[in-house]
Trainee: 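For reference, the structure I am asking about is given below.
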Amino acid sequence: MRVRKKIIISGIISCKSFISYVFSKAKKCKLSGWINAGNDSTSIEIEGDNASIFEFLSNIYDDPNRISRVANLDLADIPVINSENFYVIDEKTNHNPVESVPRDIATCDNCLDNLYDEHSEHYQYPFVACKECGPKYSTIYSLPYTRENSSIGEFKFCDKCTNSIDKGIFDVYFSNCSECGPKAWLIEKNKTYYKQECFNRSAKILENNKVLLFKSTNCFYLCANALSVKAIDKIRDIKNRKDKPLTVMVNNIEEAEKFTFISDTEKELLKSSEKPIVMLKIKDPNYLAHNVANNFNKIGVMLPSNPLQHLLFSSGRLKVLVMSSANKSGRAIEIDNNNAEETYKDIVDGILLHDLNICNGSDDSIVAILKDEKYFLRLARGYAPNYISLNSIQPYPAVLACGAYQNSTIAIATSDGKVHISPYTGDLNTANVFYLYKRNIILFCKLLNVTPEYAVCDMNPDYLSTRYVQNLRIPYFQVQHHYAHLLSCLADNKLPVHTPVIGVIFDGSGFGDDQTVWGGEFLVSRDLKYERVANIPVFKMIGIKDKEFQVHRLGYSLLHKSGIDPKHPVYKNLKISSEKEKMFSNLINTGVGSPLTSSAGKLFDAVASILGIIKYSSYDEYSVLYLESLANINNWDVYKLSRFNINKMNELIQFIVKDIENNIAIPDILAKFHNTLAKMIAFTCYDINFKTKISTVALSGSVWMNLLLLTRTIEELEKLNLNVLTHKNISTNDEGLSLGQAVYAAYKLSVQKDQTSNNICINSINS
């Protein structure tokens, strides 16, 4: 009869020696399970027949390794899981499934040495990894992270690997070898190439300025020579991505320094074990093809993070590649071989595949530097899954937080005071992404071994995340969009949600309490309640929702709101016909299909249109980031408003129009726009501080991805002796909403489960 035992051993234990001893005895007794040696005790799970387990325990307790002393051994029966192998979880920390959703870690130096060492068993093996590195989250089925619980377990050991394991070389356990491990191959013009030849041929495709579909360990990428205009245009056509800058991968820091400025902190991030995309300022705009950055002054750069990418570089002469996730606009990232081949076989020039299953795909993390610290623009591979610990909170039931609509994530608050946040999923605007979103919810419930008793979502009834929660047969909360942003910033700074704070929440849009489109909000929060005390003055969004990306509509509306005569020459910058202008005027006057907005993101859209820079916005943060890119950062001038307060927006627009009349250069106008807006924000907060005596200001929302506005605002706030909070461990955009939702619900439930308030509603499917 097969049984499984849980063993806790305490005593004086020399970890490495004791692990080796236990490992050898488990193998001798033909038992499966795992060992995890901590500082104070060692945990073991062991599975097999009763006689073999008795023999194993006798060896451990009666004849321990001579440099280990077993003081106590606790034994308990646990359910059989029919595991096949015995493995080591970790030598340093106690295993706790709630804390141990692993992240993908870039290939470590030791594994890289083996990759390029001709005498190594892992020479040119594209999947060399160890317990310190490799694709963990991408391959995991369930916790704890082991070979059996990940897709690497699908590959059985050859005799050579088995012999190495029997000798106690545990790292082999994670990566197999080139004979028995995963295989890579290239499909090119109906021919298939294997082993090193598949990388050599892939490099040739790129050197010939063609496009390669490349399967990494976290997702598929569209890959091309970053110097080829033609190849980049093809990637943009495939992805339907007209304006957004593309990410590049360089083979080393020295290559990146040829076309970007890199600080010491940025170098550390590029070389870190997470290997994120780092936003760098462009030094030589002519080094790469002009359509890579598309006139932005920054570009995302990353280094290879796994052996597949290292081998791609080392097999050819190219030193900088465009590496863009292979998802068409509005779709989830691609992780499946069959889907990828079927979708791209007639579009790209070659497909580099492998047979290691990507269980959980994730995009690349994006970080920038703010005050010499990393500042997240996207939380994904390397940094997520992540968790935030809640301080001074009573026990509460498990909570599922479903986030928003754009840049969606999910979060689960567990009873141990932690909120676990998923990697970035994307915008829930297609069935493809929504399927991935729902799959992530199931995955995290499984990994964390929880069944949520409560759910929480946004107040917007049109969000798919809201509808998803409303269809669950559990009670649920709804939290206002911008208040969730504020709470996420508090939690990210390890502050309780009842902390008195002024929140400046600037983003593209959110469903407001008055059912208008919010997005430029000044909120006062304390004692689990909030009040909207100021906002960017509302203006009309002309036309239906589908026209939001036609930013000239917003430009026309803001000029009209600011009292600029329709016959003024500035209207020519909008590039609209007289017929359209008449239609816009009628829509504004009647209000038909023209909802009100206080959105800071739409303010940037409108200003971009007024300046004649863009007529259409291809994605939500385009104007926010593009105007930052064009601004003269060496210009500190401000417009002389009658009073620096957010309600003086009409004056700001009037000054911008006057500068356009006087032919002031656009970079200088944008500098003054950023500087003045920062001053308006700061003095509005100062006025609120005077009335409320609250001196802490939290900045959250996607507009704060504009680092020029962010740094200038921080400086202005600090001049007024106000304490500033920005995000530390999660992104400032809507990725953070699930965290804010979860912490509110957790705190609310920990105080009184059935309480309702004006700011948060508990609804039940049965009520």
Side-chain angles (χ1 to χ4, degrees), residues 92 102-113 115-116 129-137 216-218 226 245 247-284 287-288 293 296-310 313-314 319-321 323 362-388 421 423-424 492-494 633 704-705 707-708 710-711 714 726-732 735:
K92 299 176 182 177
R103 307 169 189 170
D104 289 1
I105 299 300
T107 309
C108 67
D109 291 342
N110 286 337
C111 286
L112 276 182
D113 288 343
L115 180 68
Y116 292 118
C130 67
K131 64 176 179 289
E132 303 297 336
C133 71
K136 313 300 189 194
Y137 173 72
S216 187
T217 53
N218 58 303
T247 296
V248 298
M249 179 177 284
V250 294
N251 64 339
N252 54 49
I253 295 287
E254 292 72 29
E255 183 65 25
E257 287 181 314
K258 293 178 181 178
F259 60 94
T260 62
F261 297 98
I262 312 179
S263 69
D264 289 342
T265 304
E266 288 163 340
K267 286 181 183 179
E268 290 176 11
L269 275 173
L270 284 166
K271 295 189 293 185
S272 68
S273 60
E274 293 81 11
K275 291 290 192 300
I277 298 169
V278 181
M279 296 305 298
L280 301 176
K281 187 175 180 182
I282 295 174
K283 177 168 59 177
D284 181 359
Y287 189 84
L288 304 178
F296 279 75
N297 69 345
K298 293 179 183 176
I299 189 168
V301 178
M302 61 178 169
L303 291 174
S305 62
N306 59 63
L308 290 157
Q309 294 169 347
H310 282 284
F313 271 109
S314 64
K319 299 179 180 179
V320 54
L321 300 171
M323 193 74 73
S362 60
D363 220 319
D364 299 302
S365 292
I366 306 177
V367 298
I369 297 298
L370 176 66
K371 294 185 130 183
D372 216 33
E373 297 287 339
K374 65 176 176 285
Y375 184 72
F376 285 101
L377 304 181
R378 184 201 288 158
L379 191 74
R381 178 191 54 78
Y383 292 105
N386 195 9
Y387 70 84
I388 302 289
I421 307 155
Y424 156 92
D492 201 4
N493 284 272
K494 304 189 184 303
I633 62 172
W704 298 115
M705 294 167 70
L707 296 189
L708 176 59
L710 179 60
T711 53
I714 292 171
T726 59
H727 283 281
K728 308 293 184 187
N729 303 290
I730 61 170
S731 170
T732 189
E735 291 175 35

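In this text the structure is predicted, and so the values were computed from the model without any measurement.
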Trainee: Of the non-hydrogen atoms in A380 and P423, which two are nearest, and what is the gap between them?
Mentor: CA-CB, 4.1 Å

Trainee: Could you tell me which residues satisfy salt bridge (charged side-chain N to carboxylate O under 4.0 Å, His left out) with R103, sequence neighbours excluded, listed by chain and number?
Mentor: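 Applying salt bridge (charged side-chain N to carboxylate O under 4.0 Å, His left out) to R103 gives none.
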
Trainee: What heavy-atom pair brings I369 and L707 nearest, and what distance separates the two atoms?
Mentor: O-CD1, 4.0 Å

Trainee: Any chance you could measure E266, atom CD, to F261, atom CZ, to the nearest 0.5 Å?
Mentor: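 The distance works out to 11.0 Å.
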
Trainee: If you measure from OG on S272 to NZ on K374, what distance do you get to the nearest 0.5 Å?
Mentor: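 So the gap between those two atoms works out to 8.0 Å.
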
Trainee: Locate the shortest heavy-atom distance separating C133 from C111; write the atom from each residue and the value.
Mentor: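 Smallest heavy-atom distance, with atoms named: SG-SG, 3.7 Å.
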
Trainee: Please work out whether the ring planes of Y287 and F259 are parallel, tilted or perpendicular, with thresholds of 30° and 60°.
Mentor: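 Judged by the thresholds at 30° and 60°, the geometry between Y287 and F259 is parallel.
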
Trainee: Among residues at least two apart in sequence or on other chains, which ones pass side chain to side chain donor-acceptor pair (under 3.5 Å) with S314?
Mentor: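 S314 satisfies side chain to side chain donor-acceptor pair (under 3.5 Å) with no other residue.
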
Trainee: Not counting sequence neighbours, which residues clear salt bridge (charged side-chain N to carboxylate O under 4.0 Å, His left out) with E255? List them please.
Mentor: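 Here the qualifying residues are K258.
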
Trainee: Pick one: which of R381, K275, R378 meets side chain to side chain donor-acceptor pair (under 3.5 Å) with D364?
Mentor: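 Of R381, K275, R378, side chain to side chain donor-acceptor pair (under 3.5 Å) with D364 is met by R381 alone.
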
Trainee: Would you say Y375 and E373 make side-chain contact, with heavy atoms under 4.5 Å?
Mentor: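 Heavy-atom side-chain distance check fails, nothing below 4.5 Å.
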
Trainee: Name each donor-acceptor pair under 3.5 Å that joins a side chain in residues 276-284 to protein atoms two or more places apart or in another chain, with its distance.
Mentor:
{"unit_1": "K283", "atom_1": "NZ", "unit_2": "E257", "atom_2": "O", "d": "2.5"}
{"unit_1": "D284", "atom_1": "OD1", "unit_2": "N286", "atom_2": "N", "d": "3.0"}

Trainee: List the residues meeting salt bridge (charged side-chain N to carboxylate O under 4.0 Å, His left out) with K371, not counting sequence neighbours, and say none if there are none.
Mentor: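 Residues passing salt bridge (charged side-chain N to carboxylate O under 4.0 Å, His left out) with K371: E718.
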
Trainee: Distance from L379 atom CG to N729 atom CG, nearest 0.5 Å?
Mentor: 8.5 Å

Trainee: Against T726, only a single residue in L710, D492, N493 fulfils side chain to side chain contact (heavy atoms under 4.5 Å, CB included); can you say which?
Mentor: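 Testing each of L710, D492, N493 against T726, the sole residue satisfying side chain to side chain contact (heavy atoms under 4.5 Å, CB included) is L710.
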
Trainee: What is the minimum heavy-atom distance between G134 and A129, and which atoms define it?
Mentor: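 Heavy-atom minimum between the residues: CA-CB, 4.1 Å.
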
Trainee: Assess whether side-chain contact (heavy atoms from CB on, under 4.5 Å) is satisfied between V248 and I299, documenting all intermediate values.
Mentor: CA-CA 8 Å; V248 298; I299 189 168; 3.9 Å; yes

Trainee: If you measure from OG on S273 to CD on E132, what distance do you get to the nearest 0.5 Å?
Mentor: 10.0 Å

Trainee: Could you tell me which residues satisfy salt bridge (charged side-chain N to carboxylate O under 4.0 Å, His left out) with K136, sequence neighbours excluded, listed by chain and number?
Mentor: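 K136: no salt bridge (charged side-chain N to carboxylate O under 4.0 Å, His left out) contacts found.
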
Trainee: To the closest 0.5 Å, what do you measure between CG (L269) and CD (E274)?
Mentor: 8.5 Å

Trainee: Side-chain contact, heavy-atom cut-off 4.5 Å: F313 with P304?
Mentor: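 In contact.
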
Trainee: Once rounded to the nearest 0.5 Å, what's the spacing between atom OG of S362 and atom OH of Y137?
Mentor: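 Those atoms lie 6.5 Å apart.
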
Trainee: Please name the pair of heavy atoms, one in S216 and one in Q309, separated by the smallest distance, quoted to 0.1 Å.
Mentor: OG-NE2, 3.3 Å

Trainee: L303 versus I253: any side-chain heavy-atom pair under 4.5 Å?
Mentor: yes

